[in-house]
Amino acid sequence: MQITTLTDLEAVKARGLAQLYPEKPKILVGMATCGMAAGAQRVLETLQKRAQQLHWDGAVEKTGCIGFCYEEPLVDLIIPGQPRLTYARVDQEFAAEMMTAVAAGTVPEENFLARLDVDDMILDGGPRRFYEGALSGFVAQAPRYEDLDFFKLQRHLAMRNCGFIDPDNLEHYIARGGYFALHRALTSMTPEEVIEAVTVGGLRGRGGGGFPTGVKWASCRKAKGWPKYVLCNADEGDPGAYMDRSLIEGDPHAILEGMLIGAYAIGSTEGYIYVRAEYPLAVKTLQRAILTAREAGLLGQNIFGAGFSFDIKLNLGGGAFVCGESTALMASIEGRPGEPRAKYVRSVEKGLWNLPSNLNNVETWANVPLIIAKGADWYREIGTEGSKGTKIFSLVGQVKNVGLVEVPMGVTIKDMVNLIGGGVPEAREFKAIQIGGPSGGCIPRELWDLPIDFDSLWDAGAMMGSGGMIVMDNSTCMVDVAKFFLDFLIDESCGKCIPCRLGLKRMRDILEEFSSGKGSLADLEELQSLSEAVQDGALCGLGSSGPNPVLTTLRYFRDEYEAHILGRRCPAGVCKDLITYAINQELCNGCMACVRECPQGAITGEKKQPHQLDATLCIKCGACFEVCKFGAVEVS
Amino acid sequence: MVTFTINGKEVQGQKDWTILDVARWEGIPIPTLCHHPAVEPYGACRLCVVEVDEGRRTRIVISCMYPVKEGIKVRTDTPRVQNVRRWIMQLLLDESPASSYLKELAKSFDVKPSRFQKAGVSFACHLCGLCVRACQEVVGIQALTFSNRGLKKEIASPLQMGSKDCISCGNCLYVCPSLGMEQLYARMRA
């Protein structure tokens, strides 16, 4: 149906609420990519099949990712008058058992993760309790979401609907307050007032640079030229980062609504979402969302009868990392090779097809409806002095809890790693955290009280980037880490400018000398001056921030570089040319595990006799080290 | 007219000029490789970097594309500028140590091939893109293009299939600074 007035919107909202909080029980399966990878599709099918067999009177639906990626597949049970119950690591077998139990009127106790008492419903007038009165039995004892360390510091603003709604269902989105902000902007605010709200709210670009969004919008509005374009950057490419993918897969209309509000503020009628083709589910979700919004009249001509028209096209990226850079992205939309250009004339003045263009990241757009709905002052309250609101991070690496985390700006690295992440594995030590993807930097333990916001990270030599966080423990060699990120950038460099194409490769060559024991202290100076030349000389952000992983590791872990150069040793035991494996004859009890594991036949020995390792045959793959339960394989 | 300074000297340029245009007009030397007056600037070689003080901050920009602005202070020979240029020369020379053009250019930077120099390479192409731009902008056809990316990037005919559009005008050969086009030329033709 067409939604053209506030009454229409209210009617859709009522229908949506009846689906979100039905009188019958409902089961939700997390079906974002992280869930699918863990087998959510089969879980969903099992639940549906079993429900049919049992003639269960309830609904089985899909939803997005709520962030517990390490516990996928996640299944939520919503029974009227009960808190929402979340089950983790659900397999087909348990799904069938669960359905049987639910159909019989009980709730399973196994695989239980946590219960949710209150739905925040941020956009819609405040919290809504799932139940009234006291709980009894197992549910009363069950931990709540806010009792879980992983959830304690989190606040889901951009991810407000992820894990709550069916991303393909527009009614669900509207039920939780969606498109009301757009209605408010179009009918009771001038474009200038919208820009003012976003500026005062202090929203900064979530794509990495942290440029004030309101300021960008204002310059684009002022720029001469027509038409103007509103663009969404969904070309997320940092290794280990997937915030934007989850947002799209969980709540695509939040992005559309943000872009609509932005377009109204800027004075644009056409928009593009540039999304990577490697995200097939995100692409499909966006396609469906755009179609549904168009059918409902929320995209197209004369939206809400306010005389404002806007439509969005989807543009699929071909998989080049550099196309996440604004000018390369625009070149790619135009159909040219994805190469950046010099930005001495900004793209808000001359961007796509040389016309004024405003590009923001997925997460930035998802924040916009919040500010319009709740007001700039409400938004300003969250976060730190210079960085307002929340930020989504994908916390990966050597921590127990891997997942998507949305926290207010200013949470410390220590809390991020130890509390939310659950710390590094036992018997290991936290060494560094890599923030901001290949353009970011490694921050050491000494700085782990640092609050995570745009400015603190910048001062420490890293950057917010899009929000990838890779935790590293003492089994990680920092020279090796620098090599890893350089390899990535060398592979992804477009090759246009010489500092990036050849300079990063030379940096890699110098690091290779270090890790093979051929370096000298003079090479460190050479590396430093080359890094500066690349920073100063490269054309785009990808190249000029390329040396960051090297520069930050040099700044905080210089002793490790020196160990490689002067001591010809790798303290973390990673660089193959600098380590040797040996079997401690006293600790080895002759279990034969390493003898069987060694691919080279370098280890020989009898049962219950200490084994021998032939160093001339050893290829230093580390298989024996991994397999030994007695710590008898030593690396030096 | 826009008034600003280069190396402390007050200079003037039209408002659509770049710093390089003004520097050339004034006879102030700035090295270039991918620049040619017949085609649009491209910004690939980065040899023409200069340091610009814009009042709020000082940064390194490429003079061939940076539009002149009132009151800026341009310096063409600071340590940061020299560091960028010297490294670009070093990297290029190591890539094609046999190139007589580069050897000549490298002399003015006092750069010699390093331990990373490639052995046995006689071919030299720096992907300056002059041939591609001359073909598109001057001749008005697209017989030449870039292919691949990063270290594998090369000059090729579209889809590497040889171009039927080539009219054998020789503009690409004429504009090529390194004679690399002479070796590529045969492959470009259908």
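Each chain gets a letter, A, B and so on, in the order the sequences are listed, and its residues count up from 1. In this text, all values refer to a predicted model and were calculated from it rather than measured experimentally.
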Does [Y] offer a backbone N or O that forms a donor-acceptor pair with the side chain of [X] under 3.5 Å?
X	Y	result
A:Ser357	A:Leu352	yes
B:Lys152	A:Gly495	no
B:Thr3	B:Met1	no
B:Arg24	B:Ile30	yes

_For the interface with chain B, which of A:Val322, A:Leu502, A:Val345 has the highest count of heavy-atom pairs at distances below 4.5 Å?_
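Looking at each of A:Val322, A:Leu502, A:Val345 in turn, A:Leu502 comes out on top.
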* **Partner chain B: residue of A:Glu513, A:Arg341, A:Lys505 with the largest heavy-atom pair count (under 4.5 Å)** =>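 Highest number of heavy-atom pairs under 4.5 Å: A:Glu513.
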Angle between ring planes, A:Tyr561 versus A:Phe514, binned at 30° and 60°: parallel, tilted or perpendicular?
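Perpendicular.
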So which atom in [X] and which in [Y] form the shortest heavy-atom distance, rounded to 0.1 Å?
X	Y	answer
B:Leu179	B:Cys176	N-SG, 3.5 Å
A:Gly338	A:Cys323	CA-SG, 3.8 Å
A:Asn548	A:Gly440	CB-O, 3.1 Å
A:Tyr279	A:Ala241	OH-O, 3.9 Å
A:Arg568	A:Leu578	O-CD2, 3.7 Å
A:Pro499	A:Val534	O-CG2, 3.6 Å

Check: Among B:Leu47, B:Val61, B:Val49, B:Asn148, which has the most heavy-atom pairs under 4.5 Å with chain A?
Finding: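 Top option by heavy-atom pairs under 4.5 Å: B:Val61.
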At under 4.5 Å between heavy atoms, what parts of [range] are in contact with chain A? List them by residue number.
range	value
residues 83-120 of chain B	B:Asn83, B:Val84, B:Arg86, B:Trp87, B:Ile88, B:Gln90, B:Leu91, B:Leu92, B:Asp94, B:Glu95, B:Ser114, B:Arg115, B:Phe116
residues 123-143 of chain B	B:His126, B:Leu127
residues 63-81 of chain B	B:Met65, B:Tyr66, B:Pro67, B:Arg80

Heavy-atom distance under 4.5 Å between the side chains of A:Met507 and A:Leu504, does that happen here?
yes
- Item | B:Phe146 vs A:Pro337 side-chain heavy atoms within contact, under 4.5 Å | no
* Cut-off 3.5 Å, side chains only: do A:Asp453 and A:Ser456 have a donor facing an acceptor? ->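 The criterion, which ignores hydrogens and geometry beyond distance, is satisfied for A:Ser456 and A:Asp453.
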Donor-acceptor side-chain pairing of B:Ser163 and B:Ser157 below 3.5 angstrom: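 No, no side-chain donor-acceptor pair sits under 3.5 Å.
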Decide yes or no on salt bridge (charged side-chain N to carboxylate O under 4.0 Å, His left out) for A:Arg204 and A:Asp455, but give the supporting numbers first.
CA-CA 11 Å; A:Arg204 292 173 69 173; A:Asp455 309 313; 3.4 Å; yes
Contacting region of A:Ala538 [heavy-atom separation from chain B under 4.5 Å]: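 For A:Ala538, backbone heavy atoms alone lie under 4.5 Å from chain B.
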Identify which part of A:Lys496 has an atom lying under 4.5 Å from any heavy atom of chain B, answering side chain, backbone, both or neither.
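Both backbone and side chain.
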_Under 4.5 Å from any heavy atom of chain A, what part of B:Ile62 do you find: side chain, backbone, both or neither?_
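Both backbone and side chain.
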| Members of residues 487-494 of chain A whose heavy atoms come closer than 4.5 Å to chain B |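 Answer by number: A:Ile490, A:Asp491, A:Glu492, A:Ser493, A:Cys494.
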Note: A:Glu526-A:Arg506 ion pair, threshold 4.0 Å (strictly below): no
query = CH2 of A:Trp353: more than 12 outside heavy atoms within 6.0 angstrom?
reply =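 For A:Trp353, atom CH2 is crowded (more than 12 foreign heavy atoms under 6.0 Å).
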Would you say B:Trp17 has more than 12 foreign heavy atoms packed within less than 6.0 Å of its CH2?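 Correct, the count exceeds 12.
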